[in-house]
Amino acid sequence: MKLSQNFTRTLRDAPADEVALNAQLLIRAGFVYKVMAGVYAYTPLGLKVLENIKRIVREELGAIGGQEIIMSNLQPQETWEKTGRWSSEAVDVWFKTKLQDDTEIGLAWTHEEAIMEMMQQFIKSYKDLPAYVHQFQTKLRNELRAKSGIMRGREFIMNDMYSLHTTAEDCDAYYETVIEAYKRCYERLGIGDSTYVTFASGGAFTKFSHEFQTICDAGEDILYVNDDRSVAVNEEVLDDAAAELGVDKSTLKPVKSAEVGNIFKFGTSKSEQMSIYYTDHDGKQQPIYLASYGIGITRVMGVIVEKFADDKGIVWPEHIAPAKIYLVQIGQESKAVADKLYDQLMGQGIEVIYDDRDERPGTKFTDSELMGIPYRVTVSDRLLADKKYEFTTRATGETILLTEPELLAKLS
RNA sequence: CGGGGUGUAGCGCAGCCUGGUAGCGCACACGGCUGGGGGCCGUGUGGUCGCUGGUUCAAAUCCAGUCACCCCGACCA
């Protein structure tokens with residue numbers, strides 16, 4: 001991407017009403033645009049990050065058999081009546097609206113019921129199970145109070161996956177498979193080291209659910225972790241979980257964390273509530289075991305901003321950065337060289353943000369840091385005289401001089 | 001939803017107390033000087049002061065209502 005063609009611009013100051021660091025930096029750097037409280041639009045740079053996060057999740061879920069779908073945002077009342085979750089007393093985050101003939105409909109805050117409703121059409125026999133479906137979907141939740149920038153909005157993007165099984169054992173086994181896939185996702189997203197599978201409040205079927213919690217000062221949760229990192233428990237279930245695990249509560253230390261994933265088992269409850277059954281070997285109707293898995297895509301983006309940012313701006317992990325290289329060009333003579341390098345790298349499939357604007361060097365350096373691009377390559381008349389390129393690592397600030405072959409070797 | 005706070009140009013702010021024809025910085029446009037860390041000088045563009053009503057000869061300023069936004073709490077399969 002050539003910056004001269006990018007319509008967003010960087011800001012010196014964040015809007016005063018934006019207190020959350022993630023939103024401040026993302027707005028200043030031109031990654032998101034605030035539409036209203038808890039609602040953000042993603043501009044080209046921000047969209048690239050989202051797509052990179054989605055790509056990783058898509059690959060990992062695809063690798064364990066997940067089939068990608070897209071459900072709808074408009075949902076019929078009848079679907080939700082079946083599980084008693086249509087009423088606003090049962091679910092206080094509903095957005096509801098009406099068709100022109102006064103039929104009430106709901107705007108999707110989750111797709112659990114909706115997925116089951118659809119799958120009922122296809123799952124008839126034990127031969128159709130297990131089934132694994134997932135989607136990247138906008139969730140709409142009428143939160144009383146939006147906060148923390150893109151970490152807790154009224155509209156956000158989530159990957160939700162659902163697995164349907166004939167037996168609890170099969171469901172349990174796949175549940176573990178998903179946990180491993182999720183771990184690989186967080187690893188690739190760059191937050192593997194600080195993300196824990198934790199015990200959290202359960203639901204109708206299981207005593208605990210599992211949350212993926214990332215250590216982060218901006219998080220809303222408190223996590224209790226032991227020294228060897230083998231046990232992590234959400235504060236909300238600390239006593240119960242410690243007792244269950246036979247762990248001495250006093251050996252667990254509290255840390256602030258942000259929930260980046262939540263998985264849980266429904267057992268057959270959802271299937272029974274909705275009267276969705278399959279036919280077993282003996283021709284009998286049986287309920288389906290269901291488990292549900294969610295990764296907050298936009299939230300992960302916010303957490304990563306919060307977690308790695310420094311006083312200069314965002315620091316993206318390499319795999320999700322909108323580009324690998326930020327190419328700074330200074331002076332007149334070196335322009336052709338920079339143009340050529342840009343074409344060459346892009347031709348090799350290396351994503352480059354080329355700062356070809358008529359700006360002073362300081363502006364370009366500052367913006368490259370604010371945007372958090374992992375590596376900066378500087379091409380200038382001065383460097384060109386020595387046939388050198390400057391190579392700077394965003395996270396460390398380390399700068400080295402390289403010849404063209406050295407540079408290309410480093411980038412490929 | 002309870003408590004607290006804030007709304008003046010795209011962004012950051014002053015002006016309000018003590019009513020008298022709206023200002024600064026950044027950004028933007030043009031010109032010039034600069035040219036390796038948000039540079040400088042000059043000339044410009046851009047605002048029914050959130051909205052509605054009231055008081056007044058006169059309201060950004062005083063009063064009432066309302067909307068929006070932010071923070072704390074509650075909530076958060």
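Numbered from 1 within each chain, the chains take letters A, B, ... in sequence-line order.
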Can you tell me whether the side chain of Arg376(A) and the base of G36(B) have a donor-acceptor pair closer than 3.5 Å?
no
Mind checking the P distance from U8(B) to G12(B)? Whole angstroms is fine.
8 Å
Can you confirm whether the side chains of Thr166(A) and Tyr278(A) place a donor and an acceptor under 3.5 Å from each other?
no
Ion pair Asp355(A)/Arg376(A), N-O distance below 4.0 Å:
no
Can you check the Glu18(A) CD to C13(B) P distance for me, whole Å?
13 Å
Nearest whole angstrom, please: distance from the P of G38(B) to the CG of Asp367(A).
12 Å
Any-strand Watson-Crick or G-U partner of U56(B), both distances under 3.5 Å:
none
Give the intermediate values and the outcome of ring pair (Phe, Tyr, Trp, His ring centres under 6.0 Å) for residues Phe266(A) and Phe264(A).
CA-CA 7 Å; Phe266(A) 282 101; Phe264(A) 40 91; 5.3 Å; yes
Span that lies between the P atom of G39(B) and that of G2(B), in whole angstrom
47 Å
Looking for any heavy atom pair under 4.0 Å, which part of the strands does Thr110(A) touch: base, sugar-phosphate only, or nothing?
nothing
Between Glu180(A) and Lys183(A), is the closest basic N to carboxylate O distance under 4.0 Å?
yes
Interatomic distance at C1', C67(B) relative to C51(B), whole Å
7 Å
Given G25(B), C26(B), G37(B), the nucleotide with the shortest approach to the side chain of Arg12(A)
C26(B)
Value rounded to 0.5 Å, distance of CD in Glu18(A) from CZ in Arg28(A):
12.5 Å
Over all strands shown, is Arg154(A) touching base, sugar-phosphate only, or nothing at heavy-atom distances under 4.0 angstrom?
nothing
For Met36(A) and for Ile330(A), find the nucleotide of RNA chain B with the closest heavy atom, then tell me which residue's nucleotide is more 5'.
Ile330(A)
Atom CZ of Phe365(A) and atom P of G35(B) are separated, to the nearest Å, by 15 Å
On a whole-Å scale, what distance lies between the P atoms belonging to G46(B) and A29(B)?
15 Å
salt_bridge(Lys54(A), Glu51(A)) N-O dist < 4.0 Å:
yes
Return the nearest nucleotide to the side chain of Leu11(A); candidates are C1(B), C11(B), G38(B).
C11(B)
Phe264(A) side chain, from C-beta outward: closest of A77(B), C11(B), A74(B):
A77(B)
Between Asn22(A) (CG) and C70(B) (P), how many Å, whole number?
13 Å
Using the C1' atom on both, measure A27(B) against A58(B) and round to a whole Å.
35 Å
Lys270(A)/Glu113(A) salt bridge by N-O under 4.0 Å criterion
yes
Checking all strands, does Asp92(A) fall into the base, sugar-phosphate, or nothing category for heavy-atom contacts under 4.0 angstrom?
sugar-phosphate
Would you mind reading off the distance between Leu21(A) atom CG and C71(B) atom C1', rounded to a whole angstrom?
16 Å
Any side-chain N or O of Arg141(A) under 4.0 Å from OP1/OP2 of A77(B)?
no
What is the separation between atom CZ on Arg357(A) and atom P on G38(B), rounded to the nearest whole Å?
14 Å
Would you classify Ser292(A) as touching base, sugar-phosphate or nothing, given that sugar-phosphate means primed atoms plus P, OP1 and OP2, and contacts are heavy atoms under 4.0 Å?
nothing
Return the 5'-most residue of the pair Glu112(A), Gly149(A) with respect to RNA chain B, ranking by each residue's nearest nucleotide.
Gly149(A)
Just name whichever nucleotide pairs with C1(B), Watson-Crick or G-U, keeping both distances under 3.5 Å, else none.
G73(B)
State the pairing partner of C40(B); accept Watson-Crick or G-U wobble contacts with both distances under 3.5 Å, and report none otherwise.
G32(B)
NZ/NE/NH1/NH2 to OD/OE distance under 4.0 Å, Glu404(A) and Lys387(A):
no
Those residues of residues 378-397 of chain A lying under 4.0 Å from RNA chain B by at least one heavy atom
Thr378(A), Ser380(A), Arg382(A), Leu383(A), Glu390(A)
Can you measure from OH (Tyr354(A)) to OH (Tyr342(A)) and round to the nearest 0.5 angstrom?
9.5 Å
Ranking G38(B), A77(B), C70(B) by distance to the side chain of Asp17(A), first place goes to C70(B)
Name the closest nucleotide to the Arg360(A) side chain, picking from U34(B), C71(B), G37(B).
U34(B)
Rounded to the nearest angstrom, tell me the gap between atom NZ in Lys207(A) and atom P in A77(B).
18 Å
In short, Ser334(A) meets Leu384(A) closest at the heavy-atom pair CA-CD2, 3.8 Å
Among the candidates G37(B), C71(B), G12(B), find the nucleotide nearest to the side-chain atoms of Ala16(A).
G12(B)
Indicate, with a heavy-atom threshold strictly under 4.0 Å, whether Lys34(A) touches base, sugar-phosphate, or nothing.
sugar-phosphate
Sugar-phosphate only, base, or nothing, as touched by Asp358(A) at under 4.0 Å among non-hydrogen atoms:
base
Nucleotide paired to A68(B) in any strand shown, Watson-Crick or G-U, under 3.5 Å:
U6(B)
Interatomic distance, Tyr33(A) OH vs C11(B) C1' [rounded to whole Å]:
13 Å
Nearest 0.5 Å, what's the CZ-OG distance between Phe199(A) and Ser201(A)?
13.0 Å
Using the P atom as the reference point in each nucleotide, state the distance between G4(B) and U56(B) in Å, no decimals.
32 Å
Any N or O donor-acceptor pair linking the side chain of Arg28(A) to the base of G38(B) at under 3.5 Å?
yes
Can a donor-acceptor pair under 3.5 Å be found between the side-chain atoms of Arg145(A) and the base atoms of C70(B)?
no
Can you tell me, in whole Å, how much space there is between the P of C11(B) and that of G50(B)?
13 Å
In whole Å, what separates the P atom of C62(B) from that of C1(B)?
29 Å
For the side chain of Glu143(A), counting heavy atoms from C-beta on, which of C75(B), G12(B), A77(B) is nearest?
C75(B)
Look at the side chain of Thr363(A) against the base of G37(B) and say whether a donor-acceptor pair falls under 3.5 Å; ignore hydrogens and angles.
no
With heavy atoms under 4.0 Å as the rule, sort Arg9(A) into base, sugar-phosphate or nothing.
sugar-phosphate
Mate of A14(B) where both pairing distances stay under 3.5 Å, Watson-Crick or G-U:
none
